[in-house]
Every structure is written in structure tokens, then in C-alpha cells.
S.K.: 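Before we start, here is the structure in question, set down as C-alpha cells.
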Number of protein chains: 2
Amino acid sequence: MLDHPLLRKLAALSPLSDEDRRHLTQVAAHPVAVPTRTDLIREGDTPRGVFLVLEGMACRYKILPDGNRQVLAFLIPGDFCDLDVSLLNAMDHAIGTLSPCLVVHIPTRTVGDLLDDHPGIARAMRLAALVEAATARQWLVNVGRRSCERRLAHILCEMLVRLRHVGLASDVGYDLLLTQVDLADATGMTSVHVNRSLRALRRRGLIEIQGRRIAIPDLAALEAAAEFDPRYLRHAGTDPRLRPGLRETAPPDASVFREAALPVDGA
Amino acid sequence: MLDHPLLRKLAALSPLSDEDRRHLTQVAAHPVAVPTRTDLIREGDTPRGVFLVLEGMACRYKILPDGNRQVLAFLIPGDFCDLDVSLLNAMDHAIGTLSPCLVVHIPTRTVGDLLDDHPGIARAMRLAALVEAATARQWLVNVGRRSCERRLAHILCEMLVRLRHVGLASDVGYDLLLTQVDLADATGMTSVHVNRSLRALRRRGLIEIQGRRIAIPDLAALEAAAEFDPRYLRHAGTDPRLRPGLRETAPPDASVFREAALPVDGA
DNA sequence: CGACAGATTGACTGGGTTCAACTTAAGTGG
DNA sequence: CCACTTAAGTTGAACCCAGTCAATCTGTCG
């Protein structure tokens, strides 16, 4: 039961009862095989539910008028797309596979039931959505302000942690089912320059690549090179062991708001 | 009552009852003045509620080890931060003012009551959150795949639409309470290059700048230069007038999923 | 054995950064 | 009311990171 990626992922965020687990397992009982480079949903489509990836890798992406693609997020086993998607009547981006995948489609109604009738699941899924939002912020920082080599290192670190969360990576490496073009479109680079930057990382001894396998001989070194801090990937959760301590210098008063602010006569 | 930015923004997304309006007005009754460049909450802080901006401009941002800043989103009057923030125990980014602001702090508990007891408000706020997520995706595309001049044009178009939604922009322009450094940190550029690119836009006759005032003589031209499509800013909503038609060629079958997919024996 | 996608490498180019000086605007206090 | 201070905007020149173009290599699969 633990090898079910969705269960692993959600249980790591918030405790799940046996009943929750049973229910989730049932919801994901009938996956469908989808070949590489196939859209699950396109920009402009009306979402009829949520997709859940059980095997393989997919991505959210947008295509620009000039044909360029920007990858917005990678979806790995255990990932699903927007909970509140039912409120929308048109997708502003597409979701497509990057490798052969096993995917489950969960109808809007089932999602609603899940959220309404299973508070434990609802909480875990809301937390997962917050982690995804935090990841999106990291990507914006990545593309906006980090050097190309660091960007790649950062994404490789991120994928290691995420894959490990669902049992798909060892401590030393993992299979990255992506092409260098996919990495380029995710990091705002050219595939040519992805290639060169990967080589640079290889030469620095930070990674080793054999086919699709990424090996990381010295994780601490790679994380340092990436300025990677994994806390955003789990910064939710009630488990005190997971509680982050992002600031080293504890603030005497949390909010500058109260100090600096001047009360004003309201309305 | 309509000049309340929060009401204008939410009402545009989903219908609000008079009672909803009364309640929201009351929640935002006691704003506080906050000077420029003041943090409302910092990275690592535990959120104790939600901030609502009534006047001025603020932003979400992150600071990198080398001191560089990445702005993740601009907050304008009517904007508030994450609803589900109470699930977190540490912010992964900071929120700070970029101009003198009037801000309301809404305690976690009040937010919960609002969401639980006022379904109309809850729906509108969930939609607003989805629009913010869509905006974040646009920013990633912006920084990842658009030329610098286009990036700036895109952000200027976006701000026009958003400010117009809360009655703070005319058809021809608005006051942008940001410095060129702020724009640079939002677009992944240098302030020097922001300056040069703005000049280029000015020379092309797409914008006019006087102090903080941005005038847009020919909106269609600017939108074309930016490849800007405003639908993501309102693509939610039940109002059929707001229903987007992102694709011009209607798909015969919405989901390639069903076509391409091969059923697989599940678990 | 082709055929094709993906990876790799080289040479050249250019968009955007860096560094630094200077101007303008907006306070602030004597 | 003006001298002083500071933040923001503007401009030039040199440099370099990363894109572009294009050829070649490698592996895989029918």
C-alpha cells in the first residue's frame, strides 16, 4: 500500500486514517496508459476534473505565439492538478506528458466528495497545493535571478527531493524522464546551453549522467552550488519534526507591521 | 460603497449579496498606514492571518544569498494574500510595501469564518486566488521566454487591467507606484536595462511617462507588442459575459486523453 | 539497415549586465 | 527659504553570458 505514490506524498504532508488510505487507493484504482508527448488537457479546454499521475512525468506548459514553450511545472507520480479547477471554465495552460505515463482522471464530482467528506484528505491535498505554489515561486526565482548553472542544479536537487518523497529516488540518484529540451523550457534556457551547463556540472563533479540516470555523488556540494534549501517542499505539515526554522536570528516580535504602523481612522 | 477596492474586485469575479458586501466592508473597516519599504511579514515568520491592501502597492518577494531580490507578485488595492495560509507555519517568502499603503490585517479566525459562513465571499476569494495563480504563471512565461521589452510591456498591460478592475486606472493610463528597480526585480532584469527598455517603448510611441504616471496612447498597439491577452485576469467567473474563448478552433472532443489513452488494469 | 529523436560540440553574434558618472527630484532641517 | 542629503532616474562604454546557427554523433526502434 505504501508504494502508492499519492498515498506516500499525502501522508508525508498530513496524517491519513486507514479509511482515508482505502478511499484514495480506490479513487486511483483505474489508471490509463498515455504515450509520450500527449496532452491531457489543452489551453482553453474546460476542465472536467483532476488528473493524477501514477507513473512517468508530465508537465504544465504554455506555448507562445512564436512557438516557444515555457514549462510551468513538472508533474511526477503522486502529483495532481488544481483542486479548485472546477471553478474555472477554461484552462489558461496545457498539461501534457513528457514520458509514457499512467494517469488517473478524477471527475469534478469525485474531487468534491473527497474534499467534503474526508477532511484528512482535504487537508493533505490543500497542503500539497500550497507546496506546489511554493515550488512555482522557486521557479520564478530560478529563472529570474539565478545563473544558468545554478538553475539546473536547483531543479536537479528539487527533483531528487520530490522523487524521494514518493520512493522513486535513492540517496544517490534517480531516473529523470526528461529531455534536455524539457529542462531548457523549464529553466528559460536553450537546449544547447542546458547541454553545456550539465557538462560543466559534470566537470565540477557535482553530477554524473548515464542515459536518463542522474547520480549525485555529493549532495551537500550540489545543494550548495544550487543554493538549494529543501524546506519549501514540505514547509507545511503539522508534524513538528518538519517544522522549518527559516530564519536563524529569531525575531523578538514577528511582525514589523505592528511596530511601524500608524493606526488610521477607518472608513 | 463601490469605491471599496476589495468589493469591486470580488464582485467582478462572482456575484455578492448585499449582506456579503456589508460584511466585507466591516472586515476592512480599520486600515493601518504603513510607510514605504516596510515588511508586513518576513520569510520564516508564522502567518497569523491575511493582509489586505486598500491603498498603495506592495509585493511578495524573496531575497537571495547574494542580496538579489526577486519580486513574485505585485499587490494592489483589493489584493490579499493566501487564504490557506493558516495551514502553514512558516512563510516561504516575504511581503513588503513598495509605496505608502493602507493595509488591513485579518486574523486567521476571521478568515475562516468568512469562508465558512459566507459561501458567496468564499467563492469569490477562491476565484481571486486562482487568478493570482494564473498571473504567477504569466510571470514565469514572462521571465522565461519573452524579450525584455515585451516583458515590460506585458507587465504594464497587466497593471492597467488590474488597476482598472478596482477603479484606479482610466482607459488611457494610471499611476504606477513602483520604482524602476521594483520593475527590474519583477521581470528578472537590471534597473539600467529597465530604463533603456522603457525608453525604447516610449520611442516607439507605445507609452508616455511623466513621473509615476503611465499613459498609454494606443492600448491595442501596446497589447500587440506585449503579446498580452487579458483573459487570464478574469478567466474565472460564472458570468457568461466573462466566459473566455481561448481557442478559436473549437475542439471536437475536449480531451486527447480519451483518444490517445489505452486502458490499463488497475492495481 | 535506415530513420529519427536526442545529445554534443564549435564558431559567431548579440542582448543584457556591469561599472561608473551624472542628472533630476524630493525631501529635511537649520 | 535655501543648503544639504538622499533616492531615483538617465546615459555611456566595455564586457560577457547565453543564444543562434549548423554540423556531427549516438542511441534506439521498426
Side-chain angles (χ1 to χ4, degrees), chain A residues 35-38 57 59 64 66-71 96-100 142-153 155-156 175-204 207-214, chain B residues 35-38 57 59 64 66-71 96-100 142-153 156 175-204 207-214 225:
Chain A
T36 306
R37 235 162 300 108
T38 305
M57 292 192 184
C59 73
L64 299 189
D66 62 4
N68 262 144
R69 177 177 71 157
Q70 175 67 47
V71 170
T97 58
L98 298 173
S99 78
N142 227 12
V143 175
R145 285 282 180 246
R146 279 197 259 258
S147 74
C148 283
E149 222 171 301
R150 186 160 280 167
R151 272 180 232 183
L152 277 178
I155 278 224
L156 293 178
D175 283 320
L176 191 62
L177 305 179
L178 304 173
T179 66
Q180 293 184 356
V181 173
D182 297 330
L183 283 174
D185 290 345
T187 52
M189 302 166 63
T190 311
S191 66
V192 172
H193 202 241
V194 165
N195 186 286
R196 284 197 244 267
S197 302
L198 285 177
R199 181 181 50 175
L201 291 175
R202 232 181 296 133
R203 292 225 174 118
R204 289 167 65 187
I207 59 172
E208 288 159 19
I209 302 181
Q210 283 165 5
R212 311 237 118 157
R213 182 91 193 159
I214 309 277
Chain B
T36 305
R37 236 162 297 110
T38 306
M57 292 191 184
C59 72
L64 300 188
D66 62 3
N68 262 142
R69 177 179 69 159
Q70 175 67 47
V71 170
T97 58
L98 299 173
S99 78
N142 228 13
V143 175
R145 283 283 180 246
R146 278 197 260 259
S147 74
C148 283
E149 221 170 302
R150 186 159 282 167
R151 272 180 231 183
L152 278 178
L156 293 179
D175 283 320
L176 191 63
L177 305 179
L178 305 174
T179 67
Q180 294 183 356
V181 173
D182 297 330
L183 283 174
D185 290 345
T187 52
M189 302 166 62
T190 312
S191 66
V192 172
H193 202 241
V194 165
N195 185 288
R196 286 197 243 266
S197 302
L198 285 176
R199 181 180 50 176
L201 291 175
R202 233 182 295 133
R203 292 223 173 120
R204 288 167 65 188
I207 59 172
E208 289 160 18
I209 302 181
Q210 282 165 5
R212 312 238 118 157
R213 182 93 193 159
I214 308 277

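Throughout, a chain's letter reflects where its sequence line sits, starting with A, and its residues are numbered from 1. On a predicted model such as this, the values are computed, not experimentally measured, just so you know.
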S.K.: Quick check: do A:Thr190 and A:Gln180 have side-chain heavy atoms less than 4.5 Å from each other?
M.R.: no

S.K.: Rounded to whole Å, how long is the line connecting atom CD of B:Gln210 with atom P of D:dT10?
M.R.: 12 Å

S.K.: In this structure, which one of B:Leu176, B:Thr97, B:Asp175, B:Thr36 forms a side-chain contact (heavy atoms from CB on, under 4.5 Å) with B:Met57?
M.R.: B:Leu176

S.K.: Per the end-axis method with five pairs at each terminus, what is the bend angle of the helix from C:dC1-D:dG30 to C:dG30-D:dC1, to 10°?
M.R.: 40°

S.K.: Restricting to side-chain hydrogen bond (donor to acceptor under 3.5 Å, both in side chains), what partner residues turn up for A:Asp185, sequence neighbours left out?
M.R.: A:Arg69, B:Arg145

S.K.: Say whether, by atom type as modelled, one donor and one acceptor occur between the side chain of A:Asp182 and the main chain of A:Thr179 under 3.5 angstrom.
M.R.: yes

S.K.: Take the protein atom CZ of A:Arg37 and the nucleotide atom P of C:dC4, then report the distance between them rounded to whole Å.
M.R.: 14 Å

S.K.: Look at A:Gln180 and C:dA5 and indicate whether a side-chain polar atom (N or O) is within less than 4.0 Å of OP1 or OP2.
M.R.: no

S.K.: Check the distance between D:dG9's C1' and B:Ile209's CD1 and give it to me in whole angstrom.
M.R.: 10 Å

S.K.: Whole angstroms only, please: what is the CZ-C1' distance between B:Arg199 and C:dT23?
M.R.: 14 Å

S.K.: Encode nucleotides 16-30 of chain D as B, S and - characters from 5' to 3', where the letter depends on protein heavy atoms closer than 4.0 Å: B to the base, S only to sugar-phosphate, - to neither.
M.R.: --SSBB---------

S.K.: Could you check if a side-chain atom of B:Leu98 sits within less than 4.5 angstrom of a side-chain atom of B:Leu177, using non-hydrogen atoms only?
M.R.: no

S.K.: Please report, rounded to the nearest Å, how far the P atom of C:dT9 is from the CZ atom of A:Arg202.
M.R.: 7 Å

S.K.: To the nearest Å, give me how far apart CG (A:Leu176) and C1' (C:dA7) are.
M.R.: 14 Å

S.K.: Over how many whole Å does the gap from B:Asn195 atom CG to C:dA20 atom P extend?
M.R.: 19 Å

S.K.: Rounded to whole Å, please give me the gap between CG in B:Asp185 and P in C:dT17.
M.R.: 11 Å

S.K.: Does the A:Arg151 side chain pair with the main chain of A:Arg146, one donor and one acceptor, at a distance under 3.5 Å?
M.R.: yes

